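Just so it is clear, the structure is predicted and the values come from calculations on it, not from any experiment. Chain A is the first sequence line, chain B the second, and so forth, proteins listed ahead of strands; every chain is numbered from 1.
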Number of protein chains: 2
Amino acid sequence: MRIGEVARKTGVKAETIRFYEREGILTAPPRTRSNYRDYGPDEAATLTFIRRARDLGFSMPDVRELLELSNEDDRSCAAVDSLARAHLDQVERKIAALQIMRDELSRMIASCEQDTISDCRIIDTLAASHGP
Amino acid sequence: MRIGEVARKTGVKAETIRFYEREGILTAPPRTRSNYRDYGPDEAATLTFIRRARDLGFSMPDVRELLELSNEDDRSCAAVDSLARAHLDQVERKIAALQIMRDELSRMIASCEQDTISDCRIIDTLAASHGP
DNA sequence: CTTGACCTTGTAGTGGCTACAAGGTGCATA
DNA sequence: TATGCACCTTGTAGCCACTACAAGGTCAAG
């Protein structure tokens with residue numbers, strides 16, 4: 001399989017696949033006579049794994065560790081579990097922070113009465129300090 | 001006021017203030033004899049404005065525009081309003097995306113029974129495709 | 001006269017790609 | 001056979017909003 005095909009199959013763009021190879025997260029595949037990368041199903045599976053982990057918001061270092069762990073069949077999955085829990089925690093913190101932003105933005109917008117800038121509650125709120 | 005003091009007053013780090021000056025978002029203040037930046041209350045107010053807008057998640061281009069608009073007292077604040085609404089929309093989209101991540105992560109973690117990696121539901125879920 | 005806190009400049013690094021330039025390859029069609 | 005087009009190759013630079021660091025200048029207190 002050439003890079004374009006594996007890109008279509010896994011949903012990871014060709015440029016990104018090459019980037020992963022440069023970063024050492026994906027091992028370099030063999031090359032065809034004309035120097036094209038030649039992928040097998042294993043690399044495709046790894047890319048799918050990476051994409052799914054990235055879609056769930058895991059960082060590249062996390063993905064790297066998950067990939068390493070996934071190859072050690074006999075070890076306990078406690079490390080995987082704790083990594084996932086730590087990430088969930090981060091996601092929840094981020095949601096909380098964004099909800100605070102959202103609430104303040106909503107309040108700000110609701111208080112604006114579409115007058116001139118000099119009376120604008122939005123500009124006021126930013127200039128002075130009304131919020132937290 | 002030297003840069004350290006205005007940094008303390010506004011909560012914007014000195015390095016960041018210099019960065020804003022380089023980027024042209026904050027006008028360069030006069031210098032003392034010894035070439036130190038010498039800020040007045042106006043610059044401090046601008047920095048507070050920037051910090052509050054950034055804390056609310058506005059991008060630097062947005063902040064730039066908000067700053068420009070804030071100087072045009074007589075214009076209608078419709079532009080401010082629509083900028084803020086567009087940003088609120090973005091924040092809400094981000095929250096929704098993170099909630100989907102959170103839910104899938106929770107499900108994944110809940111299904112793991114702390115066995116060996118080869119039976120690990122978390123690794124399974126990443127490798128194959130169970131979610132959206 | 002030295003210490004230490006502050007300031008100056010410039011450059012490079014962060015994360016995770018993405019875009020682009022300049023050229024080589026492979027296959028179908030005229 | 002020539003040509004066009006999609007695909008591949010490498011390397012480099014850009015994105016965002018800082019942050020870190022190096023190497024040096026300034027100033028007041030002890």
Side-chain angles (χ1 to χ4, degrees), chain A residues 1-26 28-40 43-44 46-67 87 90-91 94 97-98 101, chain B residues 1-26 28-40 43-44 46-67 87 90-91 94 97-98 101:
Chain A
M1 241 184 328
R2 294 194 303 192
I3 201 167
E5 193 180 343
V6 75
R8 274 187 297 280
K9 278 195 181 156
T10 61
V12 182
K13 292 185 184 168
E15 294 96 331
T16 308
I17 297 174
R18 283 191 283 258
F19 166 75
Y20 288 161
E21 184 182 316
R22 271 204 305 286
E23 296 293 294
I25 200 162
L26 189 71
R31 299 292 184 119
T32 65
R33 257 164 294 166
S34 49
N35 198 30
Y36 290 0
R37 287 171 180 82
D38 187 18
Y39 294 97
E43 281 100 339
T46 302
L47 277 169
T48 301
F49 186 104
I50 295 171
R51 191 182 59 70
R52 289 187 56 73
R54 293 285 305 129
D55 284 354
L56 285 170
F58 286 100
S59 70
M60 292 302 293
D62 280 359
V63 173
R64 219 179 269 268
E65 196 163 345
L66 286 169
L67 277 170
H87 177 51
Q90 284 296 104
V91 170
K94 204 171 266 177
L98 283 169
M101 272 188 207
Chain B
M1 247 186 317
R2 294 193 304 190
I3 200 168
E5 193 181 343
V6 76
R8 273 188 298 280
K9 278 195 181 154
T10 61
V12 182
K13 293 186 187 167
E15 293 95 330
T16 308
I17 296 175
R18 283 191 283 258
F19 166 74
Y20 288 161
E21 185 182 316
R22 271 204 304 287
E23 295 295 293
I25 200 162
L26 188 70
R31 300 292 184 119
T32 65
R33 257 164 294 167
S34 49
N35 198 31
Y36 290 179
R37 285 170 181 82
D38 188 18
Y39 293 99
E43 282 99 339
T46 302
L47 278 169
T48 300
F49 185 104
I50 295 171
R51 191 181 61 70
R52 288 187 56 75
R54 293 287 304 129
D55 285 353
L56 286 169
F58 286 100
S59 70
M60 292 303 292
D62 280 359
V63 173
R64 220 179 269 267
E65 197 164 345
L66 287 170
L67 276 171
H87 176 53
Q90 283 297 103
V91 170
K94 203 170 267 177
L98 283 168
M101 273 189 206

In B/S/- notation, 5' to 3', how is nucleotides 2-19 of chain D contacted by protein heavy atoms closer than 4.0 Å? -----BSBB------BBB
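Formation of a donor-acceptor pair under 3.5 Å by the A/Glu65 side chain with backbone atoms of A/Asp62 is not found in this model. A distance-only check finds a donor-acceptor pair linking the side chain of B/Asp38 to the backbone of B/Met1 [under 3.5 Å]. Proximity of a side-chain donor or acceptor of B/Arg54 to a complementary backbone N or O of B/Phe58 within less than 3.5 Å is detected. Remark: the backbone N or O of A/Leu56 is paired with a side-chain donor or acceptor of A/His87 at under 3.5 angstrom.
Nucleotide C/dG15 holds its P atom 13 Å from the NZ atom of A/Lys94, rounded to whole Å. Here the P atom of nucleotide C/dC6 and the CD1 atom of B/Ile17 are 14 Å apart, to the nearest Å. The interatomic distance linking A/Leu26 (CG) with C/dG16 (P) rounds to 16 Å, in whole Å.
Between A/Arg37 and A/Glu21 there is a salt bridge, with a side-chain nitrogen of the basic residue lying less than 4.0 Å from a carboxylate oxygen of the acidic one.
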